Amino acid sequence: MRYGAPLPSGYIQGVSDEPIAYPARVREVAPRRAVDFDADLNEAQRKAATHPDGPLLIVAGAGTGKTRTLVYRVAHLIERGVRPERILLLTFTRRAAQEMLGRAEKLVGSESRAVHGGTFHGTAHRLIRRFGVEAGLPGDFTILDQGDAEDLMQLSRAACGLADKTKRFPKKETLHHVYSRHVNTEFPVGAILREEYPRFIEFEDDFTRVFADYTARKQSRNLVDYDDLLLYWAMLLETEAARAIGDRIGALYDHILVDEFQDTNVLQARILKGMCRVHRNLTVVGDDAQSIYAFRGATIRNILDFPRDFHGAAVVTLEQNYRSTQPILDASNMLISRAEERFTKELYTTRTGGEKPWLVTAQDESQQTRFVVDRILELHEAGTPLREMAVLFRAGYMSADLEIELTARNIPFEKWGGLKFLEAAHVKDVLAFLRVLENPRDEVSWYRLLQLMPGIGETTARRAIEALADRDWNPEAFAEFVPPPRAKDAHRGLVDLLRALRRADLEGDGGVAKDIVRIRTMYDDILRARYDREEPRLADLDRLQAIADGYGSRTDFLAAISLDPPASSTDLGFGSESEDDVLILSTAHSAKGKEWDAVFVIWAVDGWFPMSRALGDDDQIEEERRLMYVALTRARDHLAVTHPFNVYQSRRGADYSLSQLSRFIDRGVVRTFQQVVLESTERLPEAETPSAATPTVDLRALLRSRFSS
DNA sequence: TTTTGAAGTCTCTCC
DNA sequence: GACTTCAAAA
């Protein structure tokens with residue numbers, strides 16, 4: 001059973017097939033110059049970049065000039081006369097797309113600006129807005145992010161009568177995870193349960209019921225989740241009823257290039273096949289050793305099966321690493337050599353010299369932090385800009401202590417990945433108002449904003465929504481809804497606010513930033529009453545307002561923030577800040593595709609990296625290992641892996657426990673590092689503690705003994 | 001019956 | 001430190 005919306009058979013033809021307009025990302029016009037493929041590329045890179053038409057698989061190890069090769073391929077295509085707007089460049093993150101388009105522009109000039117680039121989801125969104133209505137999809141849908149989708153799943157769960165305290169029935173997050181996996185991997189629900197949640201197998205029928213309700217609910221409320229974006233794209237291409245539309249979408253592009261192919265899933269592979277039904281000009285680049293998105297359904301089979309799926313595909317392998325020094329490669333190669341399955345080979349470099357990476361044992365978290373900060377300042381004084389250094393970790397919250405220290409010492413930093421401010425409750429609250437205006441059927445947002453009102457809780461909110469649904473979501477139905485007496489004032493206030501906002505819309509006095517100002521006349525008070533520390537939250541809303549200012553319409557704004565969320569605080573529209581020399585803090589995932597002169601990988605502790613949740617499952621441990629490999633291979637000249645020895649365990653009472661070094665740094669890997677054990681700070685006066693202290697005999701012995709057991 | 005405050009329970013990666 | 005669950009108050 002599948003849960004996607006079937007495409008209605010009727011659709012209207014018409015509207016020209018001119019390419020979708022993409023906003024130009026770079027303003028200045030770069031001069032056009034002849035590209036020198038011979039001088040700029042090595043043989044393998046050149047072979048890939050100048051490959052003629054037809055399917056091409058580039059297997060590229062870390063740092064082998066993958067981006068460079070793709071950019072030169074784009075340049076080559078343009079020189080060959082392919083129209084730039086007929087080239088589609090699919091990447092995994094928005095950052096990667098921007099970087100690649102920027103580099104292409106430097107190479108071939110402003111012409112390359114017409115190249116279409118973006119993430120799978122972003123591109124899906126544009127195509128669906130453009131062609132979806134013709135295929136019977138709603139034109140005014142709003143996009144659910146993961147949190148919204150989970151909330152909607154909760155409503156479905158309740159509608160199926162599974163919300164009561166039956167403790168054993170899975171949480172909304174689990175339900176959504178299974179659903180998303182089903183869509184992205186096409187595994188049957190039962191198989192997913194058997195593999196990942198054996199304890200829930202008995203509920204398979206209930207899962208199916210909830211999913212059916214969830215799917216129907218999304219459709220009747222004009223809601224589209226991330227998975228739907230891909231699903232609808234695939235269906236536009238594949239469904240017989242949409243054949244003519246699929247043909248036109250397929251005819252939009254002559255060449256398709258895909259970055260990070262190892263992180264695509266079967267649904268994305270189907271999309272690529274569909275996009276290539278007129279031509280077979282598909283170039284994919286990937287590295288199986290860097291596959292780190294299995295949790296999203298990515299499968300390495302896409303790379304392995306590529307030559308079979310696209311018969312006669314050329315395969316080019318890039319092995320020469322231009323990024324890292326040999327000692328860093330030695331450590332990385334050793335680490336990944338432990339992987340259960342490997343398909344690619346050892347990386348090598350012609351770069352000479354370079355010191356062994358450091359393996360730093362700190363006494364505790366605060367010493368780890370001090371070491372990292374001291375070392376960063378040292379390198380900075382020696383001439384490395386802050387922006388050329390990064391601290392990487394497994395999960396967003398692990399940098400908390402470091403962030404405090406950096407702030408205290410006035411070192412500017414920028415954080416990538418982890419919790420984004422758009423996911424913060426108070427920001428989502430304000431967005432809920434906007435989304436209800438945009439799509440009055442947005443049940444998730446109604447539910448959220450109603451419960452903000454004093455006196456209105458779960459039950460009253462649900463009743464109000466029922467009243468709305470009964471009247472086909474006519475906005476007036478809410479005004480006529482009779483709330484319980486205690487919520488009378490709040491109801492009145494909300495009705496007035498929504499009316500005022502709609503009126504402003506009609507009178508052209510809108511603008512999404514103005515909307516937010518109006519919403520905040522009500523919401524700021526609610527916020528103050530709800531939270532003790534209101535200042536940072538109010539500041540977040542100021543930032544939201546500033547971002548909104550850059551968008552003309554509410555529709556654009558809402559779509560943009562679901563698909564291209566500002567990833568860091570400096571992305572948030574305070575322009576000049578992003579030019580500053582700032583240190584990068586990033587999750588290992590968000591660091592993929594980037595490189596720095598100096599990289600610090602902190603919390604290399606078993607249970608942290610790899611995370612404890614992965615420990616039960618061999619495949620997950622392998623994915624964690626590849627993730628560590630990704631982290632290590634980000635470094636050009638300096639690499640330090642740190643682990644605190646004593647870890648404060650807030651979970652089990654207030655005491656310290658001894659931590660184990662990450663299992664990925666086994667004895668053989670340790671030999672590729674130089675070990676540094678930081679002295680306990682109590683023993684030495686601070687002035688005498690060098691940032692890289694001499695190892696003490698005791699701790700070294702302790703360290704060794706752990707590897708011998 | 002519904003809301004709200006307080007204690008208790010986890011904590012990921014991303015579009 | 002944020003979200004869920006439980007018990008008391010309106």
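Quick caveat, the model's predicted, so the values are computed rather than measured. Convention: sequence-line order gives letters A, B, ...; per-chain numbering from 1.
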Of the listed nucleotides (dC15(B), dT2(B), dT11(B)), which one gets closest to any side-chain atom of R613(A)?
dT11(B)
Tell me what K172(A) touches on the nucleic acid: a base, only sugar-phosphate, or nothing, going by heavy atoms under 4.0 Å.
sugar-phosphate
Under 4.0 Å: is that the gap between some side-chain N or O of T459(A) and OP1 or OP2 of dT1(B)?
no
Expressed in angstrom and rounded to an integer, what is the separation of R486(A) atom CZ from dT4(B) atom P?
7 Å
Which nucleotide, dT3(B), dC14(B), dC12(B), lies nearest any side-chain atom of Y397(A)?
dC12(B)
Relative to the ring of Y179(A), is the ring of Y214(A) parallel (under 30°), tilted (30 to 60°) or perpendicular (over 60°)?
perpendicular
Please give, in whole Å, the distance from dT11(B) P to H177(A) NE2?
14 Å
For a quick check of understanding: with a heavy-atom distance under 4.0 Å over all strands, which category does I456(A) fall into, base, sugar-phosphate or nothing?
sugar-phosphate
Strictly below 4.0 Å: does T587(A) bring a side-chain N or O up to OP1 or OP2 of dC14(B)?
yes
For E238(A), is there an ion pair with K273(A) - N to carboxylate O distance below 4.0 angstrom?
no
Short side-chain N/O contact to dC14(B) OP1/OP2 from S590(A), under 4.0 Å
yes
Please determine whether a side-chain nitrogen of the Lys or Arg among E150(A) and K172(A) lies less than 4.0 Å from a carboxylate oxygen of the Asp or Glu.
no
Of all the nucleotides listed (dC12(B), dC14(B), dT2(B)), which has the minimum atom distance to the side chain of R394(A)?
dC12(B)
Using heavy atoms to find the nearest nucleotide of DNA chain B for T460(A) and H589(A) separately, return the residue whose nucleotide is more 5′.
T460(A)
Of the listed nucleotides dC14(B), dC3(C), dT2(B), the one nearest the side chain of Q146(A):
dC14(B)
How many whole angstroms separate atom CD1 of I271(A) from atom P of dC15(B)?
16 Å
Over 60° means perpendicular and under 30° means parallel, so tell me whether H491(A) and F478(A) are parallel, tilted or perpendicular.
perpendicular
Salt bridge or not between R221(A) and D442(A)? Use side-chain N to carboxylate O under 4.0 Å.
no
Under the 5.5 Å and 30° test, is F295(A) stacked on the base of dC12(B)?
no
For R462(A) and dT3(B), what is the distance between atoms CZ and P respectively, to the nearest whole Å?
10 Å
Nearest nucleotide by nearest heavy atom, which residue falls closer to the 5' end of DNA chain B, M453(A) or Y293(A)?
M453(A)
Please report the distance, rounded to the nearest Å, between CD in Q620(A) and P in dC12(B).
13 Å
Length of the line joining E173(A):CD and dT4(C):P, which is rounded to integer Å
6 Å
R492(A)/D489(A) ion pair, N-O < 4.0 Å:
no
R463(A) near the nucleic acid: base, sugar-phosphate alone, or nothing, with a heavy-atom cut-off under 4.0 Å?
sugar-phosphate
Can you measure I621(A) atom CD1 to dC12(B) atom C1' for me and round it to whole angstrom units?
15 Å
Out of dA2(C), dC15(B), dC12(B), minimum distance to the side chain of Y226(A) belongs to dC15(B)
What contact category does E458(A) fall into here, base, sugar-phosphate, or nothing, at under 4.0 angstrom with non-hydrogen atoms?
sugar-phosphate
